[in-house]
Novice: 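Got a structure for you, questions after.
When reading the values below, keep in mind they use all heavy atoms of this one structure, side chains included, and skip hydrogens, waters and symmetry mates. Here is the naming used below: chain letters follow the sequence lines, and residue numbers restart at 1 for every chain. For clarity, every value in this text was computed on a predicted model and none was experimentally measured.
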Amino acid sequence: MMSEYVLLKNRLNELYFNCDGLDKKQLRNINFYSISNFVNAYDKLKGSKEKETVYNLLNSYFDEMKGEDLNSFSKDQSKELFFSYIVKIGQYYNYQLGFKGYMGINGAIFGGIVMDLILSIFGILVKLYFIPISTILLVLFTAAINHYFGRVNKLYGYRY
Amino acid sequence: MGFVGVMAGSGLVALAAPIVTTAVPIAYSSVINIVSGINESAFVFGANIYQNLNNIRYTLGTGMSMYFNSNTANHINLQKWAEGTFNPTNSEKLLQFRDNYQSIQHYFHFLPEMP
């Protein structure tokens, strides 16, 4: 009898085969890299109940992707996948294996600008000669997380 | 003088018309692109905050449930809470929140008014 890990790996390979011809952006639309990282680290998860939940969620993801036209996958569908599967599965991997959330640099810049605006409202940014400290720190932090955790395949998130 | 002025004006209009007809759609599409780009960036940032909040919820719930024996109701409830996720907010829910806030504010006048 095949183990759950092998079954998931087979389903991932099946999805990868269906993704033939898709570029990196389209693969990110279906959260392929997140799912791939989840499947590859599945055997390292502890606790039978947790493993069962993750296995069921991953299987439902693969079932949902089976009938989809991967070439014309919209951003709204991507958002739906994120809320239905990626966040829920990610909790277990974050807690047990130290996975980190992926954020695009555009998100970091937006967050940094919002924080800098708040700092300037409270008059803190004036004392710092209007250097956008939050934006700089958030962008550097995000780039470091994406780089280091991406290299060890411990990254997951929206459109990753 | 007046004749020269009219001629120059019509010449300017003739020159400006094609520039305006090409510039307006370009400007419109770039504004749309910028707005959708900002919208996407806001969602990317919000999605990251959302997933980190859910991770904190899982860690807190699982950590607190460890203080109770595995068969107790407290342990089960905390674990159940930890495994759930926050409901994502949409515009309908925000409007509902606004309505609720305004009805509370009707009784408690010291609360600031919503913009």
Side-chain angles (χ1 to χ4, degrees), chain A residues 25 28-29 31 34 46-50 52-54 56-57 74-76 78-115 134-135 138-139 141-142 145-146 155-160, chain B residues 29-94 96 112 114-115:
Chain A
K25 206 177 168 188
R28 284 189 170 188
N29 265 348
N31 297 299
S34 302
K46 289 173 196 132
S48 56
K49 205 176 144 227
E50 284 84 350
E52 196 189 330
T53 314
V54 170
N56 289 337
L57 282 166
S74 70
K75 277 182 185 173
D76 285 338
S78 190
K79 283 174 190 173
E80 218 163 279
L81 284 183
F82 171 74
F83 288 121
S84 312
Y85 302 108
I86 305 297
V87 173
K88 285 177 186 172
I89 301 170
Q91 290 178 333
Y92 300 96
Y93 283 84
N94 172 266
Y95 181 73
Q96 291 194 19
L97 305 172
F99 272 52
K100 289 276 179 269
Y102 166 83
M103 176 160 64
I105 295 296
N106 57 341
I109 291 170
F110 179 85
I113 289 170
V114 169
M115 282 194 261
S134 309
T135 311
L138 197 60
V139 167
F141 179 71
T142 308
I145 291 267
N146 292 353
L155 214 55
Y156 74 98
Y158 168 63
R159 296 187 76 204
Y160 180 70
Chain B
S29 65
S30 17
V31 167
I32 294 287
N33 279 340
I34 290 167
V35 169
S36 68
I38 292 171
N39 205 7
E40 176 69 12
S41 305
F43 188 84
V44 167
F45 182 66
N48 192 267
I49 298 285
Y50 175 76
Q51 72 182 16
N52 284 334
L53 280 177
N54 279 307
N55 288 342
I56 291 168
R57 173 180 167 150
Y58 185 80
T59 309
L60 267 179
T62 312
M64 284 193 297
S65 71
M66 281 174 184
Y67 287 101
F68 302 98
N69 286 331
S70 56
N71 289 328
T72 56
N74 282 338
H75 178 91
I76 293 164
N77 287 339
L78 279 168
Q79 198 60 44
K80 213 178 193 177
W81 178 76
E83 282 169 10
T85 49
F86 295 113
N87 288 326
T89 312
N90 54 28
S91 52
E92 203 176 303
K93 280 177 193 163
L94 284 175
Q96 205 177 355
M114 274 193 118

Novice: So which residue, A:G104, A:G90, A:G157, A:G107, ends up with the most heavy-atom pairs under 4.5 Å with chain B?
Specialist: A:G107
Novice: Do A:F110 and B:V44 come within less than 4.5 Å of each other through their side chains, counting heavy atoms only?
Specialist: no
Novice: Is the distance between the ring centroids of B:F43 and A:Y158 under 6.0 Å?
Specialist: yes
Novice: Side chain, backbone, both or neither: which part of B:I56 has an atom under 4.5 Å from a heavy atom of chain A?
Specialist: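 Nothing of B:I56, per the 4.5 Å heavy-atom cut-off to chain A.
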Novice: Side chain, backbone, both or neither: which part of A:L138 has a non-hydrogen atom closer than 4.5 Å to chain B?
Specialist: side chain
Novice: With a 6.0 Å cut-off on the ring centroids, do A:Y92 and B:Y58 count as close?
Specialist: yes
Novice: Do A:N29 and A:R159 have a side chain donor and acceptor closer than 3.5 Å?
Specialist: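 Yes, a side-chain donor-acceptor pair sits under 3.5 Å.
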Novice: Checking A:Y102 against chain B: side chain, backbone, both or neither under 4.5 Å from a heavy atom?
Specialist: backbone
